[in-house]
Amino acid sequence: MNATEQAPQARLLTPAELALCVRLFREMRQWSQEQLAEISGLNVRTLQRVEQGQAASLDTRRALARAFEFEDVDALNKPFTIPTAEELKAQKEKFDREYVTLTALPLTTGKQLAKLAEIHMMDLSETGFELSREADETFAELVDYFRDYRDCADAYSESTKFEVYDELQSRIDALKTLGVSLRYAERKMQVKWGVETDAKPMPVSVLYVVAFPLGKEPDQFATPKSAGIRL
């Protein structure tokens, strides 16, 4: 058998193959069945039937394609090239080499954010979805404020810190009103300073602050192992 004959052929997914693909796409995003059901607009029982290998309607497949952000909403209704077990393993290994999965914890109070800023000398703060202009500006103001506070936190007395807590809280509350929820994660990294190749790496603790849609917050999120960190 030649290489051409060994190559996987595109064909329609069977219900069992669709179940495997949906489970794979969901788990790669660290989503629970409940989260995928909410994002897709399907009920949990429908999603469970799909992942059990039962037949899925055209509309159900389209809803799943939209949830996974496929450019073609009919991608799951068209001939599909099924990756081999070796290809899936290689993709998983590549993902594990390039990304780290972090636990996403609720960030709900200004005091909580201020305390986190005090103990982390670096951060990576970003949005996990496209924000409205107002929400985007509010998130940027929040990030600027806690970074400014982090740089001079030692200059604050314990009593004057309450002003900082209130300022941060007002922005967190404003984001919630705009449908934005915050999650944070912490990560230990080794960072080299300067341009010398023989510089000794130093351990640092990095804070991640990420904005997600209110009510659709993940328990975990993946981020590149090598990323631009803000001092």
Side-chain angles (χ1 to χ4, degrees), residues 1 3-106 124 126-131 180-187 189 208 210-227:
M1 182 177 292
T4 301
E5 292 172 334
Q6 291 178 346
Q9 300 297 311
R11 57 179 173 76
L12 293 175
L13 293 173
T14 66
E17 290 166 345
L18 176 64
L20 176 62
C21 288
V22 170
R23 208 159 41 239
L24 175 66
F25 295 144
R26 176 174 63 80
E27 291 175 353
M28 285 181 65
R29 290 164 174 77
Q30 305 294 333
W31 290 346
S32 66
Q33 287 184 333
E34 290 75 15
Q35 287 172 316
L36 176 54
E38 184 172 355
I39 293 169
S40 65
L42 301 171
N43 63 56
V44 176
R45 185 62 191 136
T46 297
L47 181 57
Q48 289 173 341
R49 286 196 294 266
V50 172
E51 293 198 1
Q52 288 168 1
Q54 298 184 34
S57 69
L58 176 71
D59 288 340
T60 294
R61 293 184 180 219
R62 284 177 170 172
L64 290 168
R66 283 192 291 268
F68 294 133
E69 298 182 338
F70 292 174
E71 291 185 6
D72 183 357
V73 296
D74 283 316
L76 298 176
N77 292 304
K78 294 179 177 180
F80 204 90
T81 301
I82 310 299
T84 65
E86 290 76 14
E87 289 172 333
L88 288 174
K89 181 180 178 181
Q91 291 174 9
K92 179 65 166 57
E93 291 174 348
K94 182 175 184 293
F95 181 87
D96 290 341
R97 287 195 303 270
E98 297 177 356
Y99 292 87
V100 59
T101 300
L102 304 174
T103 300
L105 301 171
L124 196 158
E126 59 187 7
T127 60
F129 71 113
E130 186 173 352
L131 301 179
V180 179
S181 178
L182 299 178
R183 288 293 186 270
Y184 79 92
E186 299 172 280
R187 178 184 172 195
M189 297 180 66
Y208 290 74
V210 186
F212 292 103
L214 185 64
K216 298 181 180 179
E217 305 88 342
D219 296 324
Q220 297 177 313
F221 61 86
T223 186
K225 288 185 176 180
S226 298

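Side chains are part of it too, since the values below use all heavy atoms of this structure and drop only hydrogens, waters and symmetry mates.
In this structure Ser40 satisfies the side-chain hydrogen bond (donor to acceptor under 3.5 Å, both in side chains) test with no other residue, sequence neighbours excluded. Under the side-chain hydrogen bond (donor to acceptor under 3.5 Å, both in side chains) criterion, Gln52 pairs with Gln54, sequence neighbours left out. Residues satisfying the ring-ring contact (aromatic ring centres under 6.0 Å, His included) test with Phe129, not counting sequence neighbours, are none.
Considering only heavy atoms from C-beta on, Arg61 stays 4.5 Å or farther from Lys78 through its side chain. Under the 4.5 Å side-chain criterion, counting only non-hydrogen atoms from C-beta, Pro218 is in contact with Gln35. Contact of the Leu20 side chain with the Arg23 side chain is registered, since non-hydrogen atoms from C-beta on lie closer than 4.5 Å.
With values rounded to the nearest 0.5 angstrom, Asp59 atom CG is found 11.0 Å from Leu64 atom CG. Atoms CZ and CD1, on Arg26 and Ile39 in that order, are 11.0 Å from each other to the nearest 0.5 Å. Distance check, rounded to the nearest 0.5 Å: CG of Leu36 to CD of Glu51 gives 7.0 Å. If you take CG on Leu18 and CG on Leu12, they are separated by 11.0 Å, rounding to the nearest 0.5 Å. Interatomic distance, CG of Leu102 versus CZ of Arg183, reported as 14.5 Å (0.5 Å rounding). Atom CG of Leu105 sits about 4.5 Å away from atom OH of Tyr184, to the nearest 0.5 Å.
Panel note: side chain Asp74, backbone Asn77; no donor-acceptor pair is recorded below 3.5 Å.
Nearest heavy atom pair, residue Gly53 against residue Ala19, reads N-CB, 3.7 Å. When every heavy atom of Phe221 is checked against every heavy atom of Ala185, the shortest pair comes out as CZ-CB, 3.8 Å. Residues Asp72 and Ala65 share a closest heavy-atom pair of O-CB, 4.1 Å.
Note: Trp31 and Phe68 have parallel aromatic rings, judged against thresholds of 30 and 60 degrees for the angle between ring planes.
Checking Thr46, Leu47, Val22, Leu76 one by one against Thr60, the side chain to side chain contact (heavy atoms under 4.5 Å, CB included) holds for a single residue, Thr46.
The local environment of CD in Glu93 is crowded, with over 12 non-hydrogen atoms from other residues, nucleotides or ligands closer than 6.0 Å.
Glu98 and Lys94 are joined by a salt bridge, as a carboxylate oxygen and a charged side-chain nitrogen come within less than 4.0 angstrom of each other.
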